[in-house]
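Structure first, commentary second.
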Amino acid sequence: QVQLVESGGGLVQAGGSLRLSCAASGRTFSSYAMGWFRQAPGKEREFVAANRWSGVNTYYADSVKGRFTISRDNAKNTVYLQMNSLKPEDTAVYYCAAGLTYRTKAELTTTEGYDYWGQGTQVTVSS
């Protein structure tokens, strides 16, 4: 069983920054693929960013590329999402997710590519 706990959400003005954290349980965290997704009211959950266990292979949705950065600290069992230049359309509940077995890049951009999910943290960007 893997537990994921997100933190760092909040209210920020457009153009501002936030850093989300996701703390994971499990001794093999370093082998997980980790992803961030978001879900706005009335919309489906969408892919934001992901990285593989090494942290070298990272993937981003086009809508956040150049503004968001995913990183991980395997010693702390934590994955981060640094969000800069935030826009009102970034407002959503943000979820982190863990994939315990190998997934292709395409699979890591879908909810089906993950085995465990956190409870989510709200990010609200005001205009």
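Each residue takes its place number in the sequence, starting with 1.
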Among all residues two or more places apart in sequence or in another chain, which pass the salt bridge (charged side-chain N to carboxylate O under 4.0 Å, His left out) test with [X]?
X: Lys43; result: none
X: Arg19; result: none
X: Glu107; result: none

**Asked** Pairs in or reaching into residues 98-127: which pass disulfide (SG to SG under 2.5 Å), with residues at least two apart or in two chains?
**Response**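 Not a single pair qualifies under disulfide (SG to SG under 2.5 Å).
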
Any side-chain heavy atom of [X] sitting closer than 4.5 Å to one from [Y]?
X: Leu81; Y: Thr69; value: no
X: Asn84; Y: Phe68; value: no
X: Val64; Y: Arg38; value: yes
X: Tyr59; Y: Leu108; value: yes
X: Asn51; Y: Asn57; value: no
X: Thr91; Y: Gln122; value: yes

**Prompt:** Taking 4.0 angstrom as the limit, do Asp90 and Lys87 come out as a salt bridge?
**Reply:**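 Judged by the 4.0 Å cut-off on N to carboxylate O distance, Asp90 and Lys87 do not form a salt bridge.
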
**Item:** Expected output: side-chain Glu6 to main-chain Gly120 donor-acceptor under 3.5 Å
**Value:**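 Yes, Glu6 side chain to Gly120 backbone: donor-acceptor pair under 3.5 Å.
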
**Asked** Just by modelled atom types, is the Leu100 backbone N or O under 3.5 Å from a matching donor or acceptor in the Tyr114 side chain?
**Response**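 No: the side chain of Tyr114 does not pair with the backbone of Leu100.
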
Smallest separation among heavy atoms of [X] and [Y], with atom names:
X: Ser127; Y: Ala14; result: CA-CB, 4.4 Å
X: Ser126; Y: Leu11; result: CB-CD1, 4.3 Å
X: Ala61; Y: Phe47; result: CB-O, 3.4 Å
X: Cys22; Y: Met34; result: SG-CE, 4.3 Å

Hey, what do you get for [atom1] ([X]) to [atom2] ([Y]), rounding to the nearest 0.5 Å?
X: Met83; Y: Trp36; atom1: CE; atom2: CH2; result: 8.0 Å
X: Arg72; Y: Cys96; atom1: CZ; atom2: SG; result: 11.0 Å
X: Gln119; Y: Gln3; atom1: CD; atom2: CD; result: 10.0 Å
X: Arg67; Y: Gln82; atom1: CZ; atom2: CD; result: 12.0 Å
X: Leu4; Y: Tyr116; atom1: CG; atom2: OH; result: 9.5 Å
X: Tyr80; Y: Asp73; atom1: OH; atom2: CG; result: 5.0 Å

**Request:** Take Trp117 and Phe37 through the test ring pair (Phe, Tyr, Trp, His ring centres under 6.0 Å) and record every step on the way to the result.
**Result:** CA-CA 10 Å; Trp117 293 83; Phe37 286 72; 5.1 Å; yes

**Prompt:** Who are the side chain to side chain contact (heavy atoms under 4.5 Å, CB included) partners of Val12, not counting sequence neighbours?
**Reply:**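 Here the qualifying residues are Leu18, Leu86, Val125.
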
**Tyr95 six-ring face occupied by Arg45 cation (under 6.0 Å, within 45°)** =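 Positive - Arg45 is close enough to the ring of Tyr95 and near enough to its axis.
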
**Cluster overlap Val93 with Ile70, hydrophobic side-chain contacts below 4.5 Å** =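 Result: no, two separate clusters.
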
**Request:** Applying side chain to side chain donor-acceptor pair (under 3.5 Å), name anything that partners Asp115, two or more places apart in sequence or on another chain.
**Result:**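 If we apply the side chain to side chain donor-acceptor pair (under 3.5 Å) test to Asp115, skipping adjacent residues, the hits are Arg103.
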
